[in-house]
Amino acid sequence: MERVVLVTGASSGVGLALCRRLLEEDGRIHLCIACRNVQKSEATRDLILATHPAARVSTVEVDLGNLVSVLRVARELRCRFQRLDFVYLNAGIMPNPHVNFKALWHGLLTGKVLHMLTTAEGIMTQTDRLNGDGLQEVFATNLFGHFILVRQLECLLCGNEKPSRLIWTSSSNARESAFSLSDYQHAKGQESYSSSKYATDLTSVVLNRKFNKQGLYSSVVCPGLVMSNMTYRILPVFLWKLLMPIMWLIRFFAKTYTLTPYNGAEAHVWLFKQKPEHLDALVKYHSCTSGLGKSYVEPRKVNGAAAFCCRGLG
Ligand SMILES: NC(=O)C1=CN([C@@H]2O[C@H](COP(=O)(O)OP(=O)(O)OC[C@H]3O[C@@H](n4cnc5c(N)ncnc54)[C@H](OP(=O)(O)O)[C@@H]3O)[C@@H](O)[C@H]2O)C=CC1
Ligand SMILES: CC(C)=CCC[C@@H](C)[C@H]1CC[C@H]2C3=C(CC[C@]12C)[C@@]1(C)CCC(=O)C[C@@H]1CC3
């Protein structure tokens, strides 16, 4: 039976690389790519078919930061498919990023620089805003739109012959201290990205508790630091080009410097091949690349997830 795989944020970066890698793993899947509009969907489909001409690729359009659009695409998917085997919840934004180089310099003097360079803790802020639905844009796009999509697709995901899978693209920037239940949309702070990714980690834990019995399993992955449209918006392109040799050097000390979207999709592809019953719901799967460029996956516990579970907030 052909497996149906839905990928959001398929038009570029990790999402596009993931689509290609999934087809390399199994050319018989039905890949459904979700992009923001018809032009992007068709351009992405053409790019994928250029390298995998025999692939079965269909398209849907969704703006994950718009609830009407999410409800519409869920309706369309329910009409088109009888089940979904994998849903990669990968689309994400980081608007108006700001890097505090002074803090990075301070980190160099205090020995925290490697931690800062791999998690961006203490050196990165964003300015968020309200979207058309009156929600914080980063929360709405990175988490809430995807969450509503999952809930709307329950009938395609639960109670199938084989387990279905949700795979969320989280981040090493996900941080417990950036997230607060009393301000879960992060309207008050300047770390909306970090907060949305931590909330994603917790959501996956809670979804497992609720849906494992019905044959739906959720995992979170971190692609590492990847050069993509998202990162190219953080610094001017010429600066990134200058930094590239330094980043290859850093990779000898920081295995999460995956740098290419292909390497960044390592954990996503690895999970595609695993039996979900053998995975740990409290673990985040990190794509890593060695100094010499060999990719592998490293599982790490999600900070605070066990405590969150024990408090029974699910
Ligand atoms: N790059 C990195 O270092 C890291 C990235 N990540 C995460 O990886 C994921 C992929 O990012 P990456 O590939 O790097 O960046 P890209 O900017 O290349 O990809 C982001 C994708 O999300 C889509 N997207 C953004 N907003 C929306 C929306 N409102 N509705 C639908 N689709 C949307 C984009 O579509 P469009 O082309 O239309 O903009 C694009 O396809 C994100 O979740 C990101 O947070 C995590 C850790 C590190
Ligand atoms: C010497 C050097 C590499 C300088 C670059 C400084 C910063 C621009 C980067 C250092 C850590 C990076 C980082 C990210 C963006 C770029 C940095 C802040 C992310 C926030 C990108 C998106 C993520 O999801 C996590 C990344 C963590 C590390």
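Keep in mind that this is a model prediction, so the values were computed, not measured. Both counts, for ligands and for their atoms, begin at 1 and track the order of listing.
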Checklist entry - Would you say K284's side chain and S171's backbone share a donor-acceptor pair under 3.5 angstrom? => result yes

Checklist entry - Going by distance alone, is a donor N or O of one side chain under 3.5 Å from an acceptor N or O of the other, for E121 and H115? => result yes

Checklist entry - Do other residues, nucleotides or ligands put more than 12 heavy atoms under 6.0 Å from the CD atom of E161? => result no

Next on the checklist: Out of all atoms in ligand 2, which are within 4.0 Å of some heavy atom of M116? Include the element for each.
Outcome noted: 11 (C)

Checklist entry - Looking only at heavy atoms, is any part of L235 under 4.0 Å from ligand 2, and if so is it the side chain, the backbone, or both, or is it neither? => result side chain

Checklist entry - For atom 15 (C) of ligand 2, what is the nearest protein heavy atom, given as residue, atom name and distance? => result I234 CD1, 3.4 Å

Next on the checklist: Please tell me whether H286 and T256 have a donor and an acceptor in their side chains that are separated by less than 3.5 angstrom.
Outcome noted: no

Checklist entry - For the residue pair F272 and F86, does the interplanar ring angle fall in the parallel (under 30°), tilted (30 to 60°) or perpendicular (over 60°) class? => result tilted

Next on the checklist: Tell me if a side-chain donor or acceptor on H186 pairs with a main-chain N or O of Y193 at a distance below 3.5 Å.
Outcome noted: no

Checklist entry - With no hydrogens and no angle check, is any side-chain donor or acceptor of R45 less than 3.5 Å from a backbone partner on I33? => result no

Next on the checklist: What protein heavy atom lies closest to atom 4 (C) of ligand 2? Include the residue and the distance to one decimal.
Outcome noted: L243 CD1, 3.9 Å

Next on the checklist: Whether the N263 and T260 side chains hold a donor-acceptor pair (N or O, under 3.5 Å, no angle test) is what I'd like checked.
Outcome noted: yes

Checklist entry - Do any nitrogen or oxygen atoms of L64 lie less than 3.5 angstrom from nitrogen or oxygen atoms of ligand 1? => result yes

Checklist entry - Taking non-hydrogen atoms only, is L225 closer than 4.0 angstrom to ligand 2 via side chain, backbone, both or neither? => result side chain

Checklist entry - For ligand 1, which atoms, with element, lie under 4.0 Å from some heavy atom of G13? => result 13 (O), 18 (O)

Checklist entry - So, is G15 polar-close to ligand 1, with some N/O to N/O distance under 3.5 Å? => result no

Next on the checklist: Closer than 3.5 angstrom, by distance alone: can the side chain of S172 be matched with the main-chain N or O of T118 as a donor-acceptor pair?
Outcome noted: yes

Next on the checklist: When you compare ligand 1 with G9, is there at least one nitrogen or oxygen pair between them that comes in under 3.5 angstrom?
Outcome noted: yes

Next on the checklist: Between T169 and H268, do the side chains contain a donor N or O and an acceptor N or O under 3.5 Å apart?
Outcome noted: yes

Next on the checklist: Can you check which of K40, H286, Q39 brings a heavy atom nearest to atom 36 (P) of ligand 1?
Outcome noted: K40

Checklist entry - Would one find an N or O of Y193, backbone or side chain, under 3.5 Å from an N or O of ligand 1? => result yes

Checklist outcome for this item: Out of S171, P223, A91, A174, the nearest non-hydrogen contact to atom 32 (N) of ligand 1 is supplied by A91

Checklist outcome for this item: Closest to atom 11 (C) of ligand 2 among protein heavy atoms sits L117 O, 3.2 Å

Checklist entry - Do T8 side-chain atoms and N90 backbone N/O form a donor-acceptor pair below 3.5 Å? => result yes

Next on the checklist: In terms of relative ring orientation, are Y198 and F179 parallel, tilted or perpendicular, with 30° and 60° separating the classes?
Outcome noted: tilted

Checklist entry - If you draw a 6.0 Å radius around CZ in F253, do more than 12 non-hydrogen atoms from other residues or ligands fall strictly inside? => result no

Checklist entry - What pair of heavy atoms forms the shortest contact from N212 to L216, and how long is it? => result ND2-O, 2.8 Å

Checklist entry - ligand 2 versus M94, non-hydrogen atoms closer than 4.0 Å: side chain, backbone, both, neither? => result side chain

Item to check | Sub-3.5 Å N/O-N/O distance, D63 and ligand 1 | outcome: yes

Checklist entry - Quick one: does ligand 1 sit under 4.0 Å from the side chain of T141, the backbone, both or neither, non-hydrogen atoms only? => result side chain

Checklist outcome for this item: In this structure, atom 11 (O) of ligand 1 is nearest to the protein heavy atom M230 CE, 4.3 Å

Checklist entry - Quick one: do E137 and R129 make a salt bridge, cutoff under 4.0 Å? => result yes

Checklist entry - Contact between S170 and ligand 1, counting heavy atoms under 4.0 Å? => result yes

Next on the checklist: Closer than 4.0 Å and a protein heavy atom, does any atom meet both conditions relative to atom 17 (C) of ligand 2?
Outcome noted: no

Checklist entry - Are the side chain of N160 and the backbone N or O of P163 linked by a donor-acceptor pair below 3.5 Å? => result no

Checklist entry - Does K197, backbone or side chain, put an N or O under 3.5 Å from an N or O of ligand 1? => result yes

Checklist entry - Taking atom 20 (C) of ligand 2 as the point of reference, which of A120, G107, G92 owns the nearest heavy atom? => result A120

Checklist outcome for this item: Heavy-atom nearest pair, G65 first then D63, reads N-OD1, 2.9 Å

Checklist entry - Looking at M247, which atoms of ligand 2 are within less than 4.0 Å of one of its heavy atoms? => result 3 (C)

Checklist entry - Does any N/O atom on V226 come nearer than 3.5 Å to any N/O atom on ligand 1? => result yes

Next on the checklist: Checking the N or O distance criterion of under 3.5 Å, is ligand 1 in contact with R36?
Outcome noted: yes

Next on the checklist: Is it the case that ligand 2 has an N or O less than 3.5 angstrom from some N or O of T231?
Outcome noted: no

Item to check | Ligand-side contact atoms (ligand 2) for residue partner S171, heavy atom cut-off under 4.0 Å | outcome: 23 (C), 24 (O), 25 (C)

Item to check | Residue, atom name and distance, where the atom is the protein heavy atom closest to atom 7 (C) of ligand 2 | outcome: V99 CG1, 4.2 Å

Item to check | Winner among T169, N90, L89, V70 once heavy atoms are compared against atom 43 (O) of ligand 1 | outcome: N90

Checklist entry - Numbering the atoms of ligand 2 from 1, which are under 4.0 Å from a heavy atom of M124? => result 18 (C), 20 (C)

Next on the checklist: Does R28 have more than 12 heavy atoms from other residues, nucleotides or ligands lying within 6.0 Å of its CZ?
Outcome noted: no

Item to check | Protein non-hydrogen atom found under 4.0 Å from atom 9 (C) of ligand 2 | outcome: no

Checklist entry - What is the closest protein heavy atom to atom 13 (O) of ligand 1, and at what distance does it sit? => result V14 N, 2.8 Å

Checklist entry - Would you say D85's side chain and V4's backbone share a donor-acceptor pair under 3.5 angstrom? => result yes

Next on the checklist: With respect to S12, determine whether any N or O atom, backbone or side chain, lies less than 3.5 Å from an N or O atom of ligand 1.
Outcome noted: yes

Checklist outcome for this item: Check: of G264, G224, S228, min heavy-atom distance to atom 4 (C) of ligand 1 comes from G224

Checklist entry - Looking at ligand 1, does A17 have a heavy atom less than 4.0 Å from it? => result no

Checklist outcome for this item: Under 4.0 Å from one or more heavy atoms of L225, ligand 1 contributes atoms 3 (O)

Item to check | Atom indices of ligand 1 within 4.0 angstrom of I93 heavy atoms, with elements | outcome: 25 (C), 26 (N)

Item to check | Side-chain donor or acceptor of D133 paired with backbone N/O of L67 under 3.5 Å | outcome: yes

Checklist entry - What distance do L89 atom CG and L6 atom CG have between them, rounded to the nearest 0.5 Å? => result 7.5 Å

Checklist entry - What's the shortest distance from atom 31 (C) of ligand 1 to any protein heavy atom, and which residue and atom give it? => result V62 O, 3.3 Å

Item to check | Flag, side chain of Q185 to backbone of Q136, donor-acceptor distance under 3.5 Å | outcome: yes

Next on the checklist: Quick test: of every protein heavy atom, which one is nearest to atom 20 (C) of ligand 1, and how far off is it to 0.1 Å?
Outcome noted: G92 O, 3.7 Å

Next on the checklist: With a 4.0 Å cut-off on heavy atoms, is T118 in contact with ligand 2?
Outcome noted: yes

Item to check | Identity and separation of the nearest protein heavy atom to atom 37 (O) of ligand 1 | outcome: S11 OG, 2.7 Å

Next on the checklist: For S172, which part has a heavy atom under 4.0 Å from ligand 2: side chain, backbone, both, or neither?
Outcome noted: side chain

Checklist entry - Checking W168 side chain against T203 main chain: does a donor-acceptor pair fall under 3.5 Å? => result no

